[in-house]
Participant: 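I am attaching a structure below and will ask some questions about it afterwards.
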Amino acid sequence: MYTDMKHYNHNAIEKKWQAIWDEKQTFRTGDDRSKPNYYALIEFPYPSGKGLHVGHPRPYTALDIVARKRRLEGYNVLFPIGWDAFGLPTENYAIKNKIHPAEVTKNNIARFKSQCKSIGFSFDWSREINTTDPNYYKWTQWIFLQLFKHGLAYKKEMSINFCTSCKVGLANEEVVNGTCERCGSEVTRRMKSQWMLKITEYAERLISDLALVDYPERVLATQINWIGKSEGAEVDFRIEGTDDVLRVYTTRPDTLYGATYMVMSPEHPYIEKYKDHIENYNEILTYAEEAAHKSDMERTELAKDKTGLEIQGIKAINPVNDELIPIWVSDYVLMTYGTGAIMAVPAHDQRDYEFARKFNLPIVEVVGGGNISEAAFTDIETGTMINSGIIDGLSVKDAKKKITEFLKEKGIGEFKINYKLRDWVFSRQRYWGEPIPLVYCDDCGWVPISEEELPLVLPEVEFYEPTETGESPLAKIEDWVNTSCPSCGKPAKRETDTMPQWAGSSWYYLRYIDTENDHELASKENLEYWTPVDWYNGGMEHTTLHLLYSRFWHKFLYDINVVPTPEPYKKRTSHGMILAENGEKMSKSQGNVVNPDEVIEESGADTLRMFEMFIGDFEKSVPWSENGVKGCKRFLDRVFRLTDMLTDEEGYSKDLEVNMHKTIKKVSQDFETLKFNTGIAAMMTLVNDFYHKGSVTRGEFKDFLILLNPVSPHLTEELWVETGYKGMLNQSSWPEYDENKTIDETIEIVIQINGKVRRKMNIPAELTPEEMKEAAIGEDEVKKIIEGMKIVKVITVPGRLVNIVVR
RNA sequence: GCCGAAGUGGCGGAAUUGGCAGACGCGCUGGAUUCAAAAUCCUGUGAGGGCAACUUCGUGUGGGUUCGAGUCCCACCCUCGGCACCA
């Protein structure tokens, strides 16, 4: 006969609790400011047309666990969600299917939202934001205006990276191996007048303030590497027969005596300036044009073999030894870094060495210790200066200092710090982005529109395609473009470029704090209470771009007294990707995308959440596994059936008391340190213990349910009610452990002889090392083994082992 | 080339930071239940040898330190991520 076994109906249970949480607004951020606050943040998603795949819930579940645990610990928790909804894929889809991007966005968001709800995340849905909402981008525009007013936004005619397919300018960061980060098409260079943000002004602070935050080592390294700080000197070389100097930047001023030629970038202004002096001007011009034509890809990839030309007709004078040296032009020198010209020291720089070898230029050794007939000697730790006049005999470090002081004294050089970081190209020739709230007036130049007029709303437009000239589609809407100057009232034209997708995501964490505020981006009081974000988790792919940009904006807002902290995020962590079962990246084209909806339907959201966390090391990429999902489902089934072995006892049983305390400790710690996999393993072990014992007390079950709740919230809430505990689980509190009760009374120790495990024995935990030693030596088997040998030494590790060294 | 992370069973991964390698899960083996299957429960599961108690080998490779090394040091190899002519 069939027993009346209750069945774990995950679908019913999950729908039931999601409805209850919604109705009771269970996870709405509280107003009780007497509670300690906790701000947990995930990277808000871009609502693509494809919906979520199983990679999304990994970071969301992780911080959902943290948020739920914090609430049970008595914190007032802010755990918000929103949509980073401007962007090219939506626009491209809109173009292709002739649907308004706003409509596409709305549909995509609806899909994402219902998926997020079906997974049971404890987001505060009352604070949902959307970067394409005028009430939101009003403040994105407002921040831009402040940047503009503080001189940090400027327009510049410049050579930009231009994606041939998207027809937009790209920031350096958006170009990956010479192709567009988004669509993979070829990127070429093109001159275009662009809005730029002076992130370089913050370069130093973006490095030094990393000391204030808790980021993983690899993230710190990426930030520092990207900013690329270097210290050196700028040095003036006179150009023979003129009053002009050619200024160079070098990190090795100590090698100045070894400079045997100079190299200018093909774009260097002196080429134009001295065209009358330059005998081979036409040749140089041809070379410069070729270089300009090359995309960044070609210029770096093919540049393994160096090219260049000597500039005939002008020569430079080495300021320390007055030697006449030739000036070359080569595309391995970039106009965008340093001064656009270098002094070449082939003996001590790899690139100069290659170049000198190829073109038979002299190589003069000025740092002794290497073998320059074979390779450039670039070591700066061991060498001693030679052939170097006033700095002969010094170490590299001392020589740098002395020569830089000398140059400074003579007025022909100075100490200089350079950064690889470039200013941020901030305009896009696209429709689906925030309009830049500026107007161009022939008399007044660029004028900001009045802040009262914000938001400057995107006008309706018939076609979203960029124009043939690469201009924004907005340029075609005449009655929008033509306006009057806010300053003098004369006819003027609006800026038609829009902002990049990075804009809205650079400050969204601030808006969550005060979503309804319509007179400031967030109130001082709320910002004081909630910032900085306590824990921000996101993907490694955002650790250069997004993190740097948002830190920059935050620092600016700090400088103008809008936010109270110098850094936006106190702690940052990163998750690994979820790959397809075969170890490949999940992608639509491969057809290997796993959809969470199917997993939820079949095994439930609680199982999905658990497996997302149990699958492996949170910080590493890991392949998805169908069987792994089944394993987690099996575990939750076992949890469900624990109710059949429930006893009436309210406390912990004697047998399992230590296990309970150990598990509480392990789970509590592991949920704080991204070790969700081992925390869950500890709970599995505990459940195995319950099964082996065949019973579980009400007290044990209750605390176990709380521990499991952040991972699998629906089932645990259901079992809480079913078992008849008070109220709802989310109203209870996180269990505490007693350190003294995490220690077993008797422990098994290992007896080693000469470092090899020979015996194991059970002893009372409180034995002293001396007693352990006695016990080990006295053990019968051990006695037999060491009979006739001499005990040299005995090592005891309390609670672990005794090692007997014999001869 | 430079920077960063890693290399542990058939698989995902553990290992209180120098102290029983392989927790937990998957997969697989055997058993119980069943007419049978699924599900469930109980066993076993790094490799070799032994009827067994046991024993030898074993954390990318080679050396070293130590009573003791997955963990520390030196030299390599390989994988993944980032940067890449930045003077």
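Throughout, protein chains are lettered first and strands after them, A, B, ... in sequence-line order, and every chain is numbered starting at 1.
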Participant: For G9(B), is chi within 90° of 0 (syn) or not (anti)?
Facilitator: syn

Participant: Could you check how far CE of M684(A) sits from P of G25(B), rounded to whole Å?
Facilitator: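 About 6 Å, once rounded to whole Å.
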
Participant: Regarding T543(A), tell me which of base, sugar-phosphate or nothing describes its non-hydrogen contacts under 4.0 Å with the strands shown.
Facilitator: nothing

Participant: Distance between the P atoms of A69(B) and U61(B), in whole angstroms?
Facilitator: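 Going atom to atom, P in each nucleotide, I get 15 Å.
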
Participant: Sequence neighbours excluded, which residues qualify as side-chain contact (heavy atoms from CB on, under 4.5 Å) partners of E770(A)?
Facilitator: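 Per chain and number, E770(A) pairs via side-chain contact (heavy atoms from CB on, under 4.5 Å) with T768(A), K773(A), E774(A).
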
Participant: Are any of the side-chain heavy atoms of E204(A) and Y419(A) separated by less than 4.5 Å?
Facilitator: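 In contact.
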
Participant: I need the CZ-P distance between F635(A) and C26(B), as an integer number of Å.
Facilitator: 11 Å

Participant: In terms of side-chain heavy atoms, does T200(A) have a donor or acceptor partner in D423(A) at a distance below 3.5 Å?
Facilitator: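 Distance-only check passes for T200(A) and D423(A).
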
Participant: Got a donor-acceptor contact below 3.5 angstrom from the Y287(A) side chain to the D331(A) backbone?
Facilitator: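 Checking the backbone N and O of D331(A) against the side chain of Y287(A), a donor-acceptor pair under 3.5 Å is found.
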
Participant: Calculate, to the nearest 0.5 Å, the distance between atoms CD1 and CZ belonging to I615(A) and F676(A) respectively.
Facilitator: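 Going from the CD1 atom of I615(A) to the CZ atom of F676(A) covers 14.0 Å.
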
Participant: Quick check: on RNA chain B, is the nucleotide nearest D352(A) upstream (toward 5') of the one nearest K760(A), or the reverse? Name the residue that is more 5'.
Facilitator: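 This one resolves to K760(A).
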
Participant: In whole angstrom, give me the gap between the C1' atoms of U40(B) and U55(B).
Facilitator: 38 Å

Participant: Would you tell me whether H575(A) and N537(A) have side-chain atoms, one donor and one acceptor, within less than 3.5 Å of each other?
Facilitator: yes

Participant: What distance, rounded to whole Å, do you find between the two P atoms, one in G46(B) and one in G22(B)?
Facilitator: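 That atom pair is separated by 9 Å.
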
Participant: What stems involve RNA chain B, if each pair must be Watson-Crick or G-U and both of its distances must be under 3.5 Å, with 3 or more such pairs in a row?
Facilitator: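 Output for stems: B:1-5 with B:79-83, B:10-12 with B:24-26, B:30-32 with B:40-42, B:46-49 with B:54-57, B:60-64 with B:72-76.
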
Participant: What is the distance, rounded to the nearest whole Å, between atom CG of L801(A) and atom C1' of A15(B)?
Facilitator: 15 Å

Participant: Can you classify the ring geometry of F377(A) versus H348(A) as parallel (below 30°), tilted (30 to 60°) or perpendicular (above 60°)?
Facilitator: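 Aromatic pair F377(A)/H348(A) classed perpendicular.
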
Participant: Do F355(A) and V333(A) touch side chain to side chain, with heavy atoms closer than 4.5 Å?
Facilitator: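 No, their side chains stay 4.5 Å or more apart.
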
Participant: Pairs under 3.5 angstrom, nitrogen or oxygen only, protein versus nucleotides 64-71 of chain B, please.
Facilitator:
residue : atom : partner : partner atom : Å
C67(B)  : OP1  : K793(A) : NZ           : 3.4
C67(B)  : O2   : N803(A) : ND2          : 2.2

Participant: Starting from the C-alpha separation in whole Å, work towards a yes-or-no answer on salt bridge (Lys or Arg N to Asp or Glu O under 4.0 Å) for K633(A) and D637(A).
Facilitator: CA-CA 6 Å; K633(A) 176 67 175 13; D637(A) 280 330; 3.6 Å; yes

Participant: Looking only at side chains, do Y337(A) and S265(A) share a donor and an acceptor under 3.5 Å apart?
Facilitator: no

Participant: For a quick check of understanding: with a heavy-atom distance under 4.0 Å over all strands, which category does T251(A) fall into, base, sugar-phosphate or nothing?
Facilitator: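 Counting heavy atoms under 4.0 Å across all strands, the contact made by T251(A) is with sugar-phosphate only.
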
Participant: Quick check: does any side chain N or O of N754(A) sit under 3.5 Å from a backbone N or O of V806(A), one acting as donor and the other as acceptor?
Facilitator: yes

Participant: Using whole Å, report how far CE of M540(A) lies from C1' of C83(B).
Facilitator: 12 Å

Participant: Roughly how many Å apart are C42(B) and A53(B), using the P atom of each and rounding to a whole number?
Facilitator: 24 Å

Participant: Syn or anti for U66(B)? Use the chi torsion, O4'-C1'-N9-C4 for purines and O4'-C1'-N1-C2 for pyrimidines, with syn inside 90° of 0.
Facilitator: anti

Participant: Would you compute the distance between atom OH of Y249(A) and atom CG of N418(A) and round it to the nearest 0.5 angstrom?
Facilitator: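 Taking OH in Y249(A) and CG in N418(A), the distance rounds to 4.5 Å.
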
Participant: A87(B) phosphate, OP1 or OP2: any side-chain N/O from Y332(A) under 4.0 angstrom?
Facilitator: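 For A87(B), OP1/OP2 do not have a side-chain N/O of Y332(A) under 4.0 Å.
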
Participant: Report yes if a side-chain nitrogen or oxygen of N225(A) is closer than 4.0 Å to either non-bridging phosphate oxygen (OP1 or OP2) of G82(B); otherwise report no.
Facilitator: no

Participant: Judged by atom type as modelled, is there a donor-acceptor pair below 3.5 Å linking the side chain of E581(A) to the main-chain atoms of P623(A)?
Facilitator: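 Answer holds: no.
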
Participant: Figure out the CG/P separation between L246(A) and A87(B), and round it to whole Å.
Facilitator: 17 Å

Participant: Distance check needed: C2(B) P versus D379(A) CG, whole Å only.
Facilitator: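 One finds 13 Å between P of C2(B) and CG of D379(A), rounded.
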
Participant: About how many Å separate OG1 of T222(A) and OH of Y215(A), when rounded to the nearest 0.5 Å?
Facilitator: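 Reported value, rounded in 0.5 Å steps: 12.0 Å.
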
Participant: Which nucleotide sits closest to the side chain of A681(A): A23(B), C26(B), G19(B)?
Facilitator: A23(B)

Participant: Less than 4.0 Å between a side-chain N and a carboxylate O, is that true for E414(A) and R247(A)?
Facilitator: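 Answer for the salt bridge query: yes.
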
Participant: Show me the protein contacts with nucleotides 8-13 of chain B, counting only N or O atoms at under 3.5 Å.
Facilitator:
residue : atom : partner : partner atom : Å
G12(B)  : O2'  : I615(A) : O            : 2.4
G13(B)  : O3'  : N677(A) : ND2          : 3.3

Participant: Go along nucleotides 38-47 of chain B 5' to 3' and tag each nucleotide: B for a protein heavy atom under 4.0 Å from its base, S when only backbone or sugar atoms are that close, - otherwise.
Facilitator: --SSSS----

Participant: Could you give the distance separating G44(B) and A37(B) at their C1' atoms, to the nearest angstrom?
Facilitator: 24 Å

Participant: Just by distance, with hydrogens left out, do N659(A) and K662(A) show a side-chain donor and acceptor under 3.5 Å apart?
Facilitator: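 Absent: no donor and acceptor within the cut-off.
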
Participant: Hey, is the side chain of T222(A) poking within less than 4.0 Å of OP1 or OP2 on C3(B), counting only N and O atoms?
Facilitator: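 For C3(B), neither OP1 nor OP2 has a side-chain N or O of T222(A) closer than 4.0 Å.
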
Participant: Check the interface with nucleotides 53-56 of chain B: list each N/O to N/O pair with the protein under 3.5 Å, or write none.
Facilitator:
residue : atom : partner : partner atom : Å
U55(B)  : OP1  : R758(A) : NH1          : 3.2

Participant: Does one side chain, of T678(A) or D670(A), offer a donor that lies under 3.5 Å from an acceptor on the other?
Facilitator: yes

Participant: Work out how far the C1' atom of G70(B) is from that of G60(B), and round it to whole angstrom.
Facilitator: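 Per the computed distance, 12 Å lies between those C1' atoms.
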
Participant: Please report the closest heavy-atom contact between T543(A) and Q223(A), naming both atoms and the distance.
Facilitator: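 Nearest heavy atoms, T543(A) then Q223(A): O-NE2, 2.6 Å.
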
Participant: Nearest-nucleotide wise, let me know which of I680(A) and E217(A) is further upstream toward the 5' end of RNA chain B.
Facilitator: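 In this pair, the answer is E217(A).
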
Participant: Taking atom P of C83(B) as reference, at what distance in whole Å does atom CZ of R218(A) sit?
Facilitator: 14 Å

Participant: In whole Å, what separates the C1' atom of A87(B) from that of A5(B)?
Facilitator: 29 Å

Participant: What interatomic distance, in whole Å, is found between P of U71(B) and the corresponding atom of U45(B)?
Facilitator: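 Their P atoms lie roughly 26 Å apart.
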
Participant: Please report the distance, rounded to the nearest Å, between CG in L256(A) and P in A87(B).
Facilitator: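 Rounded to whole Å, this separation is 17 Å.
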
